[in-house]
Amino acid sequence: MNSKMQGNTAIGDRPRYIPVEIEEKWQRRWDEMRLFHAEIDPSRPKFYLLEFFPYPSGDGLSVGHSKNYVPTDTFCRFLRMRGVNVLHPMGWDAFGLPAENEAILKQVHPAENTPKNAANYKRQMRLQGLSYDWEREIDASNPDYYRWTQWFFLLMYKRGLAYRAVAAQWWCPQCQTILANEQVENGYCWRHTDQLAERKELEQWYFRITDYADELLTALDELDWPEPILAMQRNWIGRSEGARIDFQATRADGSAVTIPVFTTRPDTIFGATFLVLSPEHPEVDGLTTDEHRARVIQYQQQSGLESEITRLATDREKTGVSTGAHALNPFTREQIPIWIADYVLVSYGTGAIMAVPGHDERDREFARKFHLPIRTVVKEGVEIDPERDGYEPEQDSGYTGEGRMVSSGEFSGLSTEEGRRRIVEALKERGIGQPAITYRLRDWLVSRQRYWGAPIPIVYCDGCGIVPVPEEDLPVLLPALEHYQPAGDGRSPLATSAEFVNVTCPDCGGPAQRETDTLDTFVDSSWYYLRFTSPHDATRPFDPAAARYWAPIDLYVGGAEHAVMHLLYFRFFAKVMNDAGLVDFREPAIKLRNQGQMHAADGQRMSKSRRNVVTPDSVVAQYGADALRTYLMFMGPFDADAEWDETGINGVWRWLNRMWDLATDDRRGGNGESGNEHEELLRAMHRTIRKVGQDFEAFRFNTAISALMEYTNLLSRERDDSTDPALIDNLLKMCAPLAPHMTEELWHHRGHDTSIHLESWPSYDSELAVETTVTVAVQVNGKLRDIITLPRGANRDEVERVARASAKVARFLQDNSPAQTIYVPDRLVNFVIR
RNA sequence: GCCGAGAUGGCGGAAUCGGUAGACGCGUCGGUCUCAAAAACCGGUGGCCGCAAGGCCGUGCGGGUUCGAGUCCCGCUCUCGGCACCA
């Protein structure tokens with residue numbers, strides 16, 4: 001009989017796979033059934049899977065976003081089938097500069113614009129079958145939320161971790177606000193890549209994240225995070241071990257002053273031939289002699305004004321001026337000159353260095369330019385010649401590594417490592433220094449002079465000074481300002497609202513003014529994952545019992561671009577919350593994964609201006625959500641970058657259609673009696689269940705799909721009328737996390753009346769999951785000569801006998817009997833001749 | 001400059017413990033169906049030599065270890081990402 005004829009006839013009576021006709025229907029039913037709603041259930045293992053809090057942009061989602069959301073959704077669905085209680089929420093990081101800038105550009109108030117954008121994101125997410133628990137949706141710009149953001153500010157304040165300070169800060173003229181260090185990239189604003197950040201002296205609010213620098217660094221070792229992110233955090237925190245050394249100097253008026261410096265190389269102190277202070281160093285004024293004063297002041301002004309632009313050029317020539325003052329090198333007993341230069345930063349270490357031009361490239365460049373002495377005190381290697389152990393200016397090697405100390409008095413001859421210890425001991429004994437650790441990390445600047453953020457809950461009272469807003473008065477509502485655009489004078493738009501600003505002091509009832517700055521958006525996103533555990537709690541930021549059950553996050557997923565901003569801040573918050581007894585963990589996310597970047601077909605980043613954005617909407621309209629989902633995961637590994645290439649989607653489209661045909665073919669799945677190939681198919685099924693489960697667990701969706709394709713192809717080829725229905729039902733279950741709509745439709749078509757998404761993940765029989773026969777490679781001298789098929793577990797003698805019997809092998813063995821035979825059971829035999 | 005990740009057919013990728021390189025797809029070529037086309041289905045498809053049987057070469061480059069290397073070691077090249085005067 002012609003099976004094709006039969007197939008055609010059958011297909012005539014069967015429904016065809018038309019995604020648009022089924023997807024909306026199931027999305028609605030799942031909502032009605034509250035299928036993805038999570039409740040606390042101590043009897044089941046929990047899993048909290050969270051994606052980075054997105055800012056809902058007016059551009060909507062692209063398939064690039066889907067590369068993040070679809071695989072994680074698949075993973076959640078897989079876990080649910082495994083009986084895990086999964087928390088998978090979604091919300092909106094709706095406060096902040098991007099939202100406000102977009103609103104200004106479109107001339108729509110952000111309070112109006114952002115909910116519209118969020119609704120569009122939600123629509124697009126639903127469209128792709130993403131299984132979020134929408135009953136837990138949160139919005140950082142909602143007073144119900146930012147009330148608690150303000151509460152956390154007060155917590156920081158109470159714990160002495162929020163403080164006000166004046167400092168020169170990065171200012172973006174386009175954003176019209178101060179930026180955090182983390183938001184300045186190469187001197188440019190992170191939001192305006194062609195806008196150089198400028199310096200501005202302003203009084204700002206800071207969080208004392210540096211108090212936690214050490215733990216933020218060491219605890220990285222316990223995290224299951226991608227290595228690049230860990231490396232970036234380590235670099236950002238930038239721990240340096242060394243010593244603080246006090247240099248005695250004389251002020252212009254003859255008084256004595258101590259200038260502490262930080263160095264990682266105390267072993268080179270005999271080579272310290274001058275000191276360099278940052279131009280902003282507080283002692284500069286007192287040190288400078290009258291004859292140098294004019295030049296020093298001029299240099300200070302110049303570096304204050306334009307250093308941010310010129311400091312960018314790394315190949316820029318060093319600049320600096322002498323103060324005319326001197327300090328005593330405590331080891332050489334020499335008076336060494338004190339200079340100021342902008343290559344020394346006021347905000348790092350002590351803002352002053354001992355310059356060792358012989359063994360530091362920067363100091364060396366500086367010394368050469370200004371003709372300051374360069375002295376060699378370290379020699380490469382272990383050999384030293386006592387005869388030549390002296391001052392050798394011609395030996396100026398510029399060596400910066402480890403070696404032997406020379407020209408260093410009683411320390412000469414020591415290794416630099418040993419020398420460091422001994423010098424520090426000597427410093428301690430003489431009371432002029434001690435071991436010190438310095439971090440590159442700076443405190444987190446959290447105030448922003450912008451409208452669209454949570455107002456900082458502080459008032460300034462003429463009598464009482466800085467007064468925190470009492471908790472019961474929260475939220476400090478963001479006033480509905482019509483003119484919220486920044487004025488450009490460095491003041492927040494909130495300052496223009498007298499109604500907002502003028503209040504009575506909570507302490508004394510006298511006249512007071514509100515703080516008008518708003519909080520950095522990264523404060524909003526530092527605790528949102530806890531709000532998801534009890535999003536509607538009206539009395540607390542989160543319910544401790546809910547947090548104890550769900551938190552910390554089991555798997556946190558997002559792009560690598562937040563490596564040192566959000567991911568550092570939210571770790572800091574967790575530690576503070578733990579210290580305050582609010583949570584029982586110190587790390588908010590044990591496991592982190594970064595999805596790869598999706599590029600457009602032209603290899604460029606997807607962006608509206610390049611007109612290369614592919615939206616999920618367009619792909620869903622053409623192929624359906626299930627094909628989009630499956631293709632995104634089939635393209636390559638989750639964490640690898642990818643280029644959107646629509647031609648490839650045909651492969652998964654064909655596969656889904658083959659599966660559809662298979663599951664709607666009524667000749668199959670009739671009586672469950674064994675056909676001829678039944679055993680083989682059953683084994684394939686068990687093998688596939690094992691493989692797909694393992695791959696899903698490890699986030700290897702591409703190879704899981706590949707295995708499912710192989711299994712489907714096998715079933716399609718096997719046109720056995722009596723196929724066991726479990727062969728196909730289990731295929732549908734395994735595909736349910738990938739293609740939730742289609743498998744649901746087919747599940748019902750096959751006579752089931754409950755959702756496939758409530759089914760358990762199929763189990764496999766490990767006996768049946770192994771092949772009965774194996775192919776064994778036969779090599780001669782390591783070269784493949786034949787492949788033989790044998791029963792699994794055949795003994796060595798048998799395998800060798802069959803291998804030698806092969807004509808292809810015998811030809812290469814000739815008459816020699818092998819000198820050695822390598823045997824790997826069920827895999828390989830290698831005959832080694834001579 | 002420093003830190004990190006990577007390089008496999010025409011393309012996306014697979015090979016999870018040092019053991020059959022190229023699974024699964026895309027594309028392409030040939031075939032079936034069709035008046036024709038599309039779709040679908042079947043088959044071939046790393047390169048070179050050969051009528052064939054078969055052989056040789058092949059995982060960025062150069063060495064090494066090993067019976068055997070995409071995988072391990074040493075030395076490079078290129079691509080991407082991060083940091084960048086942090087003493």
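Every chain is numbered from 1 and lettered A, B, ... according to where its sequence line falls, protein lines coming before strand lines. The structure displayed is predicted, hence computed values, not measured ones.
- To the nearest whole angstrom, the two P atoms, one in B:rG82 and one in B:rU65, are 41 Å apart.
- Using atom C1' as the reference point in both B:rA38 and B:rC33, the two lie 12 Å apart (nearest Å).
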### Task
Check step by step if side-chain hydrogen bond (donor to acceptor under 3.5 Å, both in side chains) holds for A:T712 and A:W655.
CA-CA 8 Å; A:T712 310; A:W655 172 53; 2.8 Å; yes
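- At B:rA87, none of the side-chain N or O atoms of A:R265 fall inside 4.0 Å of OP1 or OP2 (strictly under the cut-off).
- Going from atom CG of A:D363 over to atom P of B:rA87 covers 12 Å, rounded to whole Å.
- Aromatic ring centroids of A:Y631 and A:W653 lie 6.0 Å or more apart.
- The side chain of A:R654 lies closest to B:rG27 when the candidates are B:rG27, B:rA23, B:rC85.
- For A:R796, the salt bridge (Lys or Arg N to Asp or Glu O under 4.0 Å) partners are A:E800, not counting sequence neighbours.
- Atom CZ in A:F247 sits roughly 12 Å away from atom C1' in B:rA87 (whole-Å rounding).
- Consecutive Watson-Crick or G-U pairs involving RNA chain B, each under 3.5 Å on both distances, make up stems of three or more pairs at B:1-7 with B:77-83, B:10-12 with B:24-26, B:27-32 with B:40-45, B:46-49 with B:54-57, B:60-64 with B:72-76.
- Qualifying side-chain hydrogen bond (donor to acceptor under 3.5 Å, both in side chains) partners for A:T258, counting only residues two or more places apart in sequence or in other chains: A:Q248.
- Between B:rG6 and B:rC17, the two P atoms lie 14 Å apart (nearest whole Å).
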For residues 634-644 of chain A, tabulate all N or O donor-acceptor pairs below 3.5 Å that involve a side-chain atom, not counting sequence neighbours.
from: A:D641; atom 1: OD1; to: A:Q597; atom 2: N; distance (Å): 2.8
from: A:W644; atom 1: NE1; to: A:E646; atom 2: OE1; distance (Å): 3.0

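- When distances run from any side-chain atom of A:V824 to the nucleotides B:rA87, B:rG19, B:rA23, the shortest one goes to B:rG19.
- Base orientation at B:rG60 is anti, since its O4'-C1' glycosidic dihedral falls outside 90° of 0.
- Minimum atom distance to the side chain of A:T264 is reached by B:rA87, of the listed B:rA87, B:rC67, B:rG19.
- In this structure, A:R239 atom CZ and B:rC83 atom P are separated by 23 Å, rounded to whole Å.
- In this structure, A:L828 atom CG and B:rU66 atom P are separated by 18 Å, rounded to whole Å.
- Comparing B:rA87, B:rU20, B:rA84 against the side chain of A:R440 picks out B:rA84 as the nearest.
- Contacts of A:N657 with the nucleic acid, taken as non-hydrogen atoms under 4.0 Å apart, are absent.
- Distance, A:D641 CG to B:rC80 P: 12 Å, rounded to whole Å.
- In this structure, CZ of A:R700 is placed 6 Å from C1' of B:rU16, rounded to the nearest angstrom.
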Identify every side-chain donor-acceptor pair in residues 783-792 of chain A under 3.5 Å, counting partners at least two apart or on other chains, and give the distances.
from: A:D786; atom 1: OD2; to: A:S806; atom 2: OG; distance (Å): 2.6
from: A:R792; atom 1: NE; to: A:E771; atom 2: O; distance (Å): 2.7

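- The side chain of A:R827 contributes an N or O atom lying less than 4.0 Å from OP1 or OP2 of B:rU20.
- Checked by atom type and distance alone, the side chain of A:H359 never pairs as donor or acceptor with a backbone atom of A:T376 at under 3.5 Å.
- Spacing of P atoms, B:rU16 relative to B:rG10, comes out at 23 Å, to the nearest Å.
- The same atom, P, is picked in B:rC73 and in B:rG46; the two are 31 Å apart, to the nearest Å.
- Within 4.0 Å (heavy atoms only), A:D786 reaches no atom of the nucleic acid at all.
- The listed nucleotides are B:rC24, B:rC85, B:rC67; the one nearest the side chain of A:M709 is B:rC24.
- Under the 6.0 Å cut-off for aromatic ring centres, A:F75 and A:F699 qualify, their centroids lying closer than that.
- At most 12 heavy atoms of other shown residues, nucleotides or ligands fall within 6.0 angstrom of atom CD in A:E417.
- Scored by the ring pair (Phe, Tyr, Trp, His ring centres under 6.0 Å) test, A:W660 finds A:Y17 as partners (sequence neighbours excluded).
- Comparing B:rA14, B:rA87, B:rG19 by their closest approach to the side chain of A:N702 singles out B:rA14.
- Comparing A:N235 and A:V346 by the nucleotide of RNA chain B whose heavy atom lies nearest to each, the residue mapping closer to the 5' end is A:N235.
- Using a 90° window around 0 for the glycosidic torsion, B:rC17 falls inside it and is classed as syn.
- In this structure, the nucleotide among B:rC41, B:rG4, B:rU20 sitting nearest to the side chain of A:P228 is B:rG4.
- The side-chain hydrogen bond (donor to acceptor under 3.5 Å, both in side chains) check on A:R420 picks up A:D267, A:E402, with sequence neighbours excluded.
- The OH-P distance, from A:Y623 to B:rC26, rounds to 12 Å in whole Å.
- The shortest distance between the side-chain N/O atoms of A:N650 and the OP1/OP2 oxygens of B:rG27 is below 4.0 Å.
- Nearest-nucleotide positions on RNA chain B place A:Q779 closer to the 5' end than the other of A:A352 and A:Q779.
- Using P as the reference atom, B:rC11 and B:rA84 are 37 Å apart when rounded to the nearest Å.
- Atom C1' of B:rA69 sits at a distance of 14 Å from the matching atom of B:rU8, rounded to the whole Å.
- Taking atom P in both B:rU71 and B:rG63, one finds a spacing of 15 Å when rounded to whole Å.
- Sparse packing is recorded around CD of A:E361, with 12 or fewer heavy atoms of other residues, nucleotides or ligands lying under 6.0 Å away.
- A:R683 meets the side-chain hydrogen bond (donor to acceptor under 3.5 Å, both in side chains) test with A:E679; sequence neighbours excluded.
- As a whole-Å value, the separation of A:E561 CD from B:rC80 P is 19 Å.
- Applying the side-chain hydrogen bond (donor to acceptor under 3.5 Å, both in side chains) criterion to A:R690, with sequence neighbours excluded, gives no partner residue.
- Legend: residues meeting side-chain contact (heavy atoms from CB on, under 4.5 Å) with A:T218, ordered by chain and number and at least two apart, are A:D214.
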### Contact state string [nucleotides 49-60 of chain B, B base, S sugar-phosphate only, - no protein heavy atom under 4.0 Å]
-----SSSS---
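- Of the residues in residues 631-639 of chain A, those lying under 4.0 Å from RNA chain B by heavy-atom distance are A:F634, A:M635, A:P637.
- If you check B:rC24, B:rG27, B:rU20 against the side chain of A:A777, the one that comes closest is B:rU20.
- Comparing B:rC24, B:rA5, B:rC26 by their closest approach to the side chain of A:E227 singles out B:rA5.
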